[in-house]
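Throughout, a chain's letter reflects where its sequence line sits, starting with A, and its residues are numbered from 1.
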Amino acid sequence: MRTLFPLKPTHKKLHTLPPYSNPSPPPPPPKYFTPTHLNTLINTAIQSKNIKHATQIHTQIITHSYMSLPFLFNNLVTLYAKCGHINRSLKLFSKAHGESKNVITWTSLITQLSHHKKPLQALEFFNQMRSTGVYPNQFTFSAILPACADTVIVHGEQVHSLICKHGYEFDVFVASALVDMYAKCSNMCYAGNVFDEMPERNLVSWNAMIVGFLQNKLYDGAVGFFRKIIRERLGPNQVSFSSVLSACANTGMLDTGKQIHGVAVKQGLITLAYVKNSLMDMYSKCGIFGDAVKLFQTIGDRDVVTWNVMVMGWVQNDNFEKACNYFWVMRREGVSPDEASFSTVLHAAANLAALDQGTLIHDQIIKTGYGRNMCVRSSLITMYEKCGSLADARWVFQESEHRNVVCWTAMISACQHHGHANRVIELFEEMLEEGMKPDYITFVCVLSACGHTGCVEEGFAYFNSMTEIHNMSPGPEHYACMVDLLGRAGRLQEAKKFAESIPIKPNASVWGALLGACRNHGDLEMGIEVAERLFEIEPNNSGNYVLLANMYSHRGRLAEANEVRRLMRVNGLRKETGCSWIDVKNKTFIFTTQDRSHSRTNEIYEMLGQVEELVKKKGYVAETQHAINDVEEYKERSLWYHSEKIALAFGLLTLPIGAPIRIKKNLRTCGDCHTVMKIASEIFDREIIVRDINRFHRFSGGSCSCGDYW
DNA sequence: ATAGGGTTAG
C-alpha cells in the first residue's frame, strides 16, 4: 500500500495564505492645489491604479474649477481608464463641450479603449473625431492601429490609407504600429512591405517583425530576424529575447535556444524576468525539464509566470502531484495566481481525479475573481467531469455567460466521457443553433460519440458536414474516429478500405483504431496485417504487441503469441503495469496487479474469493482473451488479480454499506473486469464507478453507463 | 509602438 497525493497540508493552512494585493496607504490631502500639483497626483494615482485617489483628485479639480484646463481634463480621462473604470472616462468625455476636446483628448480616450480591448468603440470614436473636424496626428494613429489589429484587416487597411493621406507613413512609431497591425491580422507579407519601406527603423520595428513571425507560427522567420538584430549590432532587448525564445520553445529548437541563452548572458540581460522565464519555458518545452528546474532555483524574484512555467513543466512530465504542490507553494510565497495558473493547475487536478484538490482550487478562483474567464471555466468543467462529478461540470457550464467554443467542447467531451452519447449530439446541435462555430476538437468528440452509440450514418453525416458546411478539412484524428466507428460496428472491410483511402498520411491512431476493431471482432488475419504496419510506424508502443499477442493466444496460436512477446522484449518494451486506486477516509490506496502489499491482504483476497463465487453463480465465465498467460488456469487466475478487482474487494471491505465505490485506473479497463463490475453492482446493490484512462464507467443494477462501448 | 506562461480530444 502506498498513499498518493501528499497534498493535505494546504487544507488547514489556507487561512494563512497571504493576501492578493498590498494597497498602498493614501497620501495626506493638502488644502490647496496648483494645477501642476494635481497633475503630479494624477501621475502617482496612475502608477498605483487607486480608484479612491482618482475620485478625490476629480473632486479637487472640480472645486478648484480646473476642469477647463485641457491637460488636467485629458489626464483625468486616462486616470479613470487606468484604474479600470473606462466607463467613467467615457462619461467624463461625453459631458465635456465639443470645442474643449482637442486631438489629445480624443487620442487619450482612443488609447484607453484600445487597451481595454474595445476595438470597435475605439474605431467609433476615431470616426467621430474626424467628423468633428479634428485631425488625427501620429499619436492618434499609433493608438488606433492596435485596435484595428483586434478586428478585421479592412479597418487596418483603411487607416493605413488615411496615414498615407496625412503623410505619417514614414514616422517610425506609426510604421512600427502598422507592422504590428498587419502581423496581428496574419498578413506577414504586408507587414514585411511596410518594414522594408521604412526609411528609419528602431528596435521596436524589428521586434514587431519577430513577434509577428511568432504569432503567425513562422518560427524560422522569428529566429532569422533575431540573428539579423545580432549581426547588425542593434542590441536586442528583453522583448526580442522573450519572443525568439518562445519561437524556439514552440518548435523544440534546443540548440538555437542554447545559443540564445549564451547571447543573453553575454549581453547582461539574463537577470531580466522576461528573459529568465522564457528560457525556462524553452528548456521545459524542449524536453530538458531538469535545466528548467536548475534555472528556477537560481531565480530569486519569481513572478507568476515563473511559477506557471514550472507548474506547466510538471504537467508536461505527467507529475500532477508536483504540479499541484508547486501551485500551493506559490500561493504561500505570496504570489497571486492568474488565469493561466488556474487553468494549468486544474488540468493537473483533473488528471489526478482529485476532487478535493479541485474544489480547493475552485475556492481560490472565486476569491481572486478569475471565475469569469473562459479558459478557467473550461478547465473547471473538465476538472469536475474528470473527478467524476458531471453534475458540477454541468453547473459550471450552465452558469457561464458568453460561452466560447472551448467551453462548449469541454462540456461535450464531459458527456462523452460519462457515456451520455445522446447528450453529446444534443449539445452539439444546440451549439450550432446558437451560431457557435465548432472547432477541430469538437468534431473529434462528436464523431467519437457516434462511434460509441453505433450511429454510423449520423457519424458520416457529421464527418461530411466538416467539409461541406463548416469549411474545415478533417485531420488524422477525425479519420481515426471514422475507422473506429466502422470498426466498432463490425464493418471491418469498410474500415480498412476507408483507412487506405485517406487523402492525408494516416497516423498511428488510424491503424490503432483498426487493430482494436480486429481484436474485438476476432479478425486475426487483418489484425496481423494492421499490426505489421503499426510496428513500423510506432515500434515503441507496447500496446500493439500486447493486442496482437492476445489475439494469437485467443486462437490457440501460442508459438506466434510468444514470438510477438519476444519481439516486444527485444525492443526493450514492457507492458505498462496496470494500477488502480481508491479513496477511503481521505486516504488514497493504490493497488497493482496481484498486489499483496496491503496489511489486510488476506481479508482482501478472501473478499475477492467471495465475489468470484457469487459472480459465477450469476453465470459469469472468465473472458480469458484479455489475459496474457498461455495456460488456461493461470489465465483465469491472473484475471482475478487485476488491480481494479483488488480495489473493488478493498472497497467492499472498507467503505460503509451502500456507499458508492469509486475506483480509478491508469489503463483502459479490460472486458473481464467490466463484466465482473456489472454483475457485482447488481449482487451487492452498490454503485461502482470506474474511471479508466479514457472514460467513466458507472455500474449499477447490472449494467454500465458506457453501454458496453469503450 | 513591441514582450514571457494557459483552455477543449484520443
Side-chain angles (χ1 to χ4, degrees), chain A residues 111 114 138-139 141-143 145-146 149 171-181 183-184 202-212 214-215 236-246 249 272-282 284-285 303-313 315 337-347 350 373-383 385 404-414 416-417 438-449 451 475-478 480-481 484 507-510 512-513 668 693-695:
Chain A
T111 307
S114 222
Q138 67 270 43
F139 295 98
F141 284 122
S142 304
L145 281 169
D171 179 278
V172 115
F173 277 52
V174 175
S176 297
L178 267 173
V179 170
D180 178 59
M181 182 276 293
K184 288 221 172 86
N202 61 16
L203 190 57
V204 174
S205 335
W206 284 86
N207 287 346
M209 284 299 284
I210 295 184
V211 173
L214 176 67
Q215 282 161 349
N237 64 3
Q238 63 270 44
V239 178
S240 340
F241 274 105
S242 51
S243 313
V244 76
L245 283 167
S246 172
L272 297 168
Y274 270 85
V275 179
K276 284 185 290 193
N277 290 340
S278 310
L279 269 172
M280 267 177 61
D281 185 52
M282 184 274 292
S284 173
K285 291 224 172 83
D303 65 13
V304 62
V305 176
T306 319
W307 286 99
N308 289 351
V309 170
M310 280 307 285
V311 174
M312 196 65 226
V315 167
D338 63 7
E339 56 270 62
S341 328
F342 286 125
S343 20
T344 312
V345 76
L346 282 170
H347 184 85
N373 179 282
M374 265 311 131
C375 286
V376 174
R377 291 197 83 86
S378 309
S379 306
L380 268 174
I381 292 170
T382 302
M383 182 278 291
E385 172 258 303
N404 61 13
V405 211
V406 178
C407 190
W408 277 96
T409 306
M411 193 61 227
I412 288 174
S413 166
Q416 161 70 350
H417 287 154
D439 72 0
Y440 194 93
I441 299 173
T442 320
F443 274 108
V444 174
C445 298
V446 171
L447 297 178
S448 172
E477 287 90 347
H478 302 116
C481 284
D484 188 59
N507 68 1
S509 57
V510 173
R668 254 176 54 146
I693 194 164
N694 289 333
R695 61 183 48 255

For [X], which contact category applies under a 4.0 Å heavy-atom criterion: base, sugar-phosphate, or nothing?
{"X": "D439(A)", "result": "base"}
{"X": "I381(A)", "result": "nothing"}
{"X": "V211(A)", "result": "sugar-phosphate"}
{"X": "N373(A)", "result": "base"}
{"X": "T344(A)", "result": "sugar-phosphate"}
{"X": "A513(A)", "result": "nothing"}
{"X": "S343(A)", "result": "base"}

| query | Would you find a donor on one side and an acceptor on the other, under 3.5 Å apart, between the side chain of S278(A) and the backbone of Y274(A)? | reply |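 Yes; judged by distance alone, with no hydrogens or angles, the pair exists.
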| request: Would you confirm whether S114(A), through its side chain, and A143(A), through its main-chain N or O, come within 3.5 Å as a donor-acceptor pair? | output: yes
[N] phosphate, OP1 or OP2, under 4.0 Å from [X] side-chain N/O:
{"X": "S413(A)", "N": "dA9(B)", "result": "yes"}
{"X": "H417(A)", "N": "dG10(B)", "result": "yes"}
{"X": "K285(A)", "N": "dG6(B)", "result": "yes"}
{"X": "T442(A)", "N": "dA9(B)", "result": "no"}
{"X": "H347(A)", "N": "dT8(B)", "result": "yes"}

Choosing from [options], which nucleotide comes nearest the side chain of [X]?
{"X": "Q416(A)", "options": "dG10(B), dG6(B), dT7(B)", "value": "dG10(B)"}
{"X": "V444(A)", "options": "dT2(B), dG10(B), dG6(B)", "value": "dG10(B)"}
{"X": "C375(A)", "options": "dG5(B), dT2(B), dT7(B)", "value": "dT7(B)"}
{"X": "I441(A)", "options": "dA9(B), dG5(B), dG6(B)", "value": "dA9(B)"}

| query | Quick one: side chain to side chain donor-acceptor pair (under 3.5 Å) partners of N308(A), sequence neighbours excluded? | reply | D338(A), S341(A)
| field | side chain to side chain donor-acceptor pair (under 3.5 Å) involving S176(A) - partner list, sequence neighbours excluded | value | S205(A)
Roughly, in whole Å, what's the span from [atom1] in [X] to [atom2] in [N]?
{"X": "E477(A)", "N": "dG10(B)", "atom1": "CD", "atom2": "P", "value": "11 Å"}
{"X": "Q238(A)", "N": "dA3(B)", "atom1": "CD", "atom2": "P", "value": "12 Å"}
{"X": "L245(A)", "N": "dA3(B)", "atom1": "CG", "atom2": "P", "value": "15 Å"}
{"X": "N694(A)", "N": "dG10(B)", "atom1": "CG", "atom2": "P", "value": "7 Å"}
{"X": "D281(A)", "N": "dG5(B)", "atom1": "CG", "atom2": "C1'", "value": "6 Å"}
{"X": "E385(A)", "N": "dG10(B)", "atom1": "CD", "atom2": "P", "value": "9 Å"}
{"X": "H478(A)", "N": "dG10(B)", "atom1": "NE2", "atom2": "P", "value": "11 Å"}
{"X": "I412(A)", "N": "dG10(B)", "atom1": "CD1", "atom2": "P", "value": "12 Å"}

| query | So do E339(A) and M374(A) actually touch side chain to side chain, heavy atoms under 4.5 Å? | reply | no
| When rounded to the nearest 0.5 angstrom, what distance separates CD in E385(A) from CD in Q416(A)? | 9.5 Å
| request: Tell whether D338(A) reaches the base of dG6(B) with its side chain through a donor-acceptor pair below 3.5 angstrom. | output: no
| message | For a quick check, tell me whether the side chain of N202(A) and the base of dA1(B) share a donor-acceptor pair closer than 3.5 Å. | response | yes
| query | Hey, is F241(A) stacking on dA3(B)? Ring centres under 5.5 Å, planes under 30°. | reply | no
| note | Note: H478(A) and V444(A) closest approach over all heavy atoms is NE2-CG2, 3.6 Å
